[in-house]
Trainee: 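Sharing a structure with you now.
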Amino acid sequence: MSSQPVAATVASLMPRAKEELAELVAFRSVADFDQFPRGESEGAARWIADALTAEGFQDVALLDTPDGTQSVYGHLPGPEGAKTVLLYAHYDVQPPLDEAGWTTPPFELTERDGRWYGRGAADCKGGVIMHLLALRALKADGGVPVHVKVIVEGSEEQGTGGLERYAEEHPELLEADAVVIGDAGNFRAGLPTVTSTLRGMTLVRVRIDTLEGNLHSGQFGGAAPDALAALVRVLDSLRAEDGSTTVDGLTDDTAWDGLQYDEEQFRKDAKVLDGVRLIGSGTVADRIWARPAVTVLGIDCPPVVGATPSVQASARALISLRVPPGVDAAGATKLLQAHLEAHTPWGARVSIEQIGQGQAFRADTTSPAYRAMADAMAVAYPGQEMQYAGQGGSIPLCNTLATLYPQAEILLIGLSEPEAQIHAVNESVSPDELERLSVAEALFLRAYASGAS
């Protein structure tokens with residue numbers, strides 16, 4: 001398989017790719033419209049729709065999904081009788097967190113030390129650009145040999161399931177022979193990797209109430225039940241002494257039998273402070289790819305600055321539970337809810353609201369599409385063999401697609417290698433990774449079209 005014309009074209013397009021990624025990153029497209037204007041997300045969606053139209057896509061549409069966001073769809077016809085490949089990315093992003101913690105503005109793409117910094121640069125606006133680069137390279141070298149469908153989601157980070165429900169209501173829309181999810185990443189920069197498993201997730205909001213209103217802690221403290229203290233007890237019950245997740249009835253001893261993650265390297269990638277121990281048991285790969293993991297994402301309680309000497313009447317927390325392949329997310333949600341109720345102390349009132357949910361995913365790595373991707377990555381990354389890794393995160397659409405189209409082959413690649421620091425401050429993308437993965441995707445489409453192994 002020769003990559004020279006494709007690689008040369010992608011290399012020549014990289015300055016344009018940087019300009020386009022900068023335009024896309026500039027949209028503050030966080031799909032939480034209580035925090036960020038809806039117009040920012042709508043602007044990003046229109047930008048993508050215009051880009052697809054400019055590339056000759058047909059039936060380009062802004063799809064109004066049931067969660068109130070928009071996904072962008074387009075279809076690029078290929079040769080008669082060719083296979084159909086669906087390319088996925090998402091344009092919504094995580095909030096920037098503490099903007100003061102960013103070295104450069106989060107919504108302004110900035111080059112520094114050979115990387116491009118900005119919220120969404122890797123996760124997953126860079127994935128949109130990767131798909132465009134691959135298609136442009138093929139168009140410049142004989143044409144795109146498959147029918148291409150592109151779907152770019154507008155609420156993946158929120159886990160609100162809009163695109164999944166839309167796909168279920170319009171099952172013909174995303175049907176394809178193969179699906180390339182551009183929302184994963186290499187195990188390490190320069191090491192070509194496909195993600196073969198994803199953990200599922202459930203997201204719940206728990207509220208504890210103990211009093212009709214806050215009370216003076218001097219007058220009532222010691223006997224009046226403190227809702228914040230009760231919430232702390234509940235949250236603590238979700239972890240064992242070593243930090244392992246402990247949800248009553250949920251198994252926590254599965255082992256990962258694939259690519260392993262060196263503990264010292266993980267400490268560096270995660271930027272764990274000196275002297276602070278990792279949590280959990282088993283190998284690092286066991287903990288992040290094969291076992292459940294609970295995270296307290298936020299707590300509603302008085303901030304330290306301005307706090308008064310009061311016994312708190314109510315408190316809330318947002319809790320995420322990641323569940324590994326083989327564990328039903330709906331069942332895990334029920335176990336989590338039962339655990340929270342059982343561990344609420346002092347007869348306090350507890351209410352639980354489910355916010356989001358997605359099933360885990362396991363790919364068939366023996367399929368022709370995986371062989372074609374292995375060949376493509378070996379050319380795009382000379383001297384490197386494609387690796388299989390898990391990912392602790394969730395992409396709920398994967399299981400929806402697998403259910404709707406059981407014959408489809410689903411591959412996960414992308415730009416979110418460890419240095420990208422997705423979801424954190426100073427997220428960045430490696431332009432080298434963007435270039436090589438774009439070449440790999442183009443070569444994959446060509447190899448998959450021909451049926452070559």
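Just so it is clear, the model here is predicted, and its values are computed rather than measured.
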Trainee: Quick one: does Leu411's side chain get under 4.5 Å of Phe444's, heavy atoms only?
Mentor: yes
Trainee: Within the 3.5 Å criterion, strictly below it, is a donor on Tyr261 or Asp269 matched to an acceptor on the partner's side chain?
Mentor: yes
Trainee: Look up atom CG in Leu24 and atom OG in Ser29, then write down how far apart they are to the nearest 0.5 Å.
Mentor: 7.0 Å
Trainee: Looking at Gln359 and Ala330, what are the two nearest heavy atoms and their distance?
Mentor: NE2-N, 4.0 Å
Trainee: With a 4.5 Å limit on heavy-atom distance, are the side chains of Val150 and Leu52 in contact?
Mentor: yes
Trainee: For the side chain of Arg38 and the backbone of Gly68, is there at least one donor-acceptor N/O pair under 3.5 Å apart?
Mentor: yes
Trainee: Does any donor atom in the side chain of Thr65 or Arg165 lie under 3.5 Å from an acceptor atom in the other side chain?
Mentor: no
Trainee: Quick one: does NZ or CZ of Lys83 land under 6.0 Å from the six-membered ring centre of Tyr448, within 45 degrees of the ring axis?
Mentor: yes
Trainee: In terms of side-chain heavy atoms, does Asp123 have a donor or acceptor partner in Ser416 at a distance below 3.5 Å?
Mentor: no
Trainee: Could you go step by step and tell me if Phe57 and Tyr73 meet the ring-ring contact (aromatic ring centres under 6.0 Å, His included) rule?
Mentor: CA-CA 9 Å; Phe57 276 75; Tyr73 171 82; 8.7 Å; no
Trainee: Where the side chain of Thr246 meets the backbone of Ser237, is there a donor-acceptor pair that is under 3.5 Å apart?
Mentor: yes
Trainee: Let me see the working for Leu412 and Leu198 under side-chain contact (heavy atoms from CB on, under 4.5 Å), right down to the final yes or no.
Mentor: CA-CA 10 Å; Leu412 295 101; Leu198 295 168; 3.5 Å; yes
Trainee: Distance from Leu135 atom CG to His131 atom NE2, nearest 0.5 Å?
Mentor: 8.5 Å
Trainee: Any idea which heavy atoms bring Val25 and Phe107 closest together, and the distance?
Mentor: O-CD2, 3.4 Å
Trainee: Using a strict cut-off of less than 4.0 Å between a Lys/Arg side-chain nitrogen and an Asp/Glu carboxylate oxygen, indicate whether Arg115 and Glu417 qualify as a salt bridge.
Mentor: yes
Trainee: Working to the nearest 0.5 Å, report the span between CG of Leu335 and CG of Leu321.
Mentor: 9.0 Å
Trainee: Would you check if the side chain of Trp47 reaches a backbone N or O of Asp50 as a donor-acceptor pair within less than 3.5 Å?
Mentor: no
Trainee: Going by heavy atoms in the side chains, are Glu164 and Glu153 under 4.5 Å from each other?
Mentor: yes
Trainee: For atom CD of Glu385, is the number of surrounding heavy atoms from other residues, nucleotides or ligands below 6.0 Å larger than 12?
Mentor: no
Trainee: Indicate yes or no for a side-chain donor-acceptor contact from Thr195 to the backbone of Thr197 under 3.5 Å, with no hydrogens or angles considered.
Mentor: no
Trainee: Atom CH2 in Trp102, atom OG1 in Thr110: separation rounded to 0.5 Å?
Mentor: 9.5 Å
Trainee: Can you name the nearest heavy-atom pair linking Thr193 to Ala389, along with the distance?
Mentor: CG2-CB, 3.7 Å
Trainee: Are Met373 and Ile413 side-chain neighbours, meaning at least one heavy-atom pair lies under 4.5 Å?
Mentor: yes
Trainee: Looking at every non-hydrogen atom in both residues, tell me the closest pair between Arg291 and Asp252 and how far apart they are.
Mentor: CB-OD1, 3.5 Å
Trainee: Between Arg119 (side chain) and Ala424 (backbone), is there a donor-acceptor pair under 3.5 Å?
Mentor: yes
Trainee: Measure up the Trp289 and Phe187 rings against each other and bin them: parallel (under 30°), tilted (30 to 60°), perpendicular (over 60°).
Mentor: perpendicular
Trainee: side-chain contact (heavy atoms from CB on, under 4.5 Å) between Leu318 and Val296: does it pass, once the steps are laid out?
Mentor: CA-CA 6 Å; Leu318 186 64; Val296 179; over 6 Å; no
Trainee: From Phe361 CZ over to Cys398 SG, what is the distance, rounded to the nearest 0.5 angstrom?
Mentor: 5.0 Å
Trainee: Between the main-chain N or O of Ala369 and the side-chain N or O of Glu409, is there a donor-acceptor pair closer than 3.5 Å?
Mentor: yes
Trainee: Taking only residues two or more places apart in sequence or in another chain, which ones pass side chain to side chain donor-acceptor pair (under 3.5 Å) with Gln384?
Mentor: none
Trainee: Within the supplied structure, the quantity of interest is the number of heavy atoms (other residues, nucleotides, ligands) at a distance under 6.0 Å from Asp98 CG; does it exceed 12?
Mentor: yes
Trainee: May I ask you to test the Thr69-Asp92 pair for a side-chain heavy-atom distance under 4.5 Å?
Mentor: no
Trainee: Applying side-chain contact (heavy atoms from CB on, under 4.5 Å) to Arg316 and Ile299, what does each step give before you reach the verdict?
Mentor: CA-CA 6 Å; Arg316 295 194 309 170; Ile299 299 177; over 6 Å; no
Trainee: So, do Ser41 and Phe33 sit near enough that their side-chain heavy atoms are less than 4.5 Å apart?
Mentor: yes
Trainee: Do Thr202 and Thr333 meet the criterion of a side-chain donor-acceptor pair at a distance under 3.5 Å?
Mentor: yes
Trainee: Taking atom types as modelled, find out whether Lys139 and Thr9 have a side-chain donor-acceptor pair closer than 3.5 angstrom.
Mentor: no
Trainee: Holding to side chain to side chain donor-acceptor pair (under 3.5 Å), I want the full list of residues that pass it with Asp364, two or more places apart in sequence or in another chain.
Mentor: Thr366
Trainee: Test side-chain contact (heavy atoms from CB on, under 4.5 Å) on Leu132 and Leu13; report intermediate values, then the result.
Mentor: CA-CA 10 Å; Leu132 291 174; Leu13 289 172; over 6 Å; no
Trainee: Would you indicate whether the side-chain heavy atoms of Glu175 and Thr84 approach each other to under 4.5 Å?
Mentor: no
Trainee: Classify the side-chain pair Asn186/Glu433 by whether it contains a donor and acceptor separated by less than 3.5 Å.
Mentor: yes
Trainee: Give the C-alpha distance, both sets of side-chain angles, the deciding distance and a yes or no for salt bridge (Lys or Arg N to Asp or Glu O under 4.0 Å) between Glu23 and Arg46.
Mentor: CA-CA 12 Å; Glu23 293 174 8; Arg46 285 193 299 271; over 6 Å; no
Trainee: Work out which heavy atom in Leu138 is nearest to a heavy atom in Ala442; give both atom names and the distance.
Mentor: CD2-O, 3.6 Å
Trainee: What I want to find out is whether Glu172 reaches Lys149 closely enough, with some N-O distance under 4.0 Å, to be called a salt bridge.
Mentor: no
Trainee: Is the terminal nitrogen or CZ of Arg28 (NZ for Lys, CZ for Arg) located under 6.0 angstrom from the six-membered ring centre of Phe36 and within 45° of that ring's axis?
Mentor: no
Trainee: Check this for me: does any side-chain nitrogen of one of Arg188 and Glu419 sit under 4.0 Å from a carboxylate oxygen of the other?
Mentor: no
Trainee: Can you check whether Val294's main-chain N or O pairs, donor with acceptor, with Thr245's side chain at less than 3.5 Å?
Mentor: yes
Trainee: Looking at Lys268 and Glu264, does any basic side-chain N land under 4.0 Å from a carboxylate oxygen?
Mentor: no
Trainee: Are the side chain of Ser244 and the backbone of Ala240 linked by a donor-acceptor contact shorter than 3.5 Å?
Mentor: no
Trainee: Report yes if some heavy atom in the side chain of Gln70 is under 4.5 Å from a heavy atom in the side chain of Asp64; otherwise report no.
Mentor: yes
Trainee: Determine whether the aromatic ring centres of residues Tyr91 and Phe27 are separated by less than 6.0 angstrom.
Mentor: no
Trainee: To the nearest 0.5 Å, what is the distance between CD1 (Ile129) and CG (Leu21)?
Mentor: 5.5 Å
Trainee: Under 3.5 Å, side chain of Glu427 to main-chain N/O of Gly120, donor-acceptor pair present?
Mentor: yes
Trainee: Check the surroundings of atom CD in Glu241: do more than 12 heavy atoms from other residues, nucleotides or ligands lie under 6.0 Å from it?
Mentor: no
Trainee: If you take all heavy atoms of Ala293 and Arg199, which pair is closest and at what distance?
Mentor: CB-NH1, 3.5 Å
Trainee: For Thr103, does its backbone N or O pair with a side-chain atom of Asn426 as donor and acceptor, under 3.5 Å?
Mentor: yes
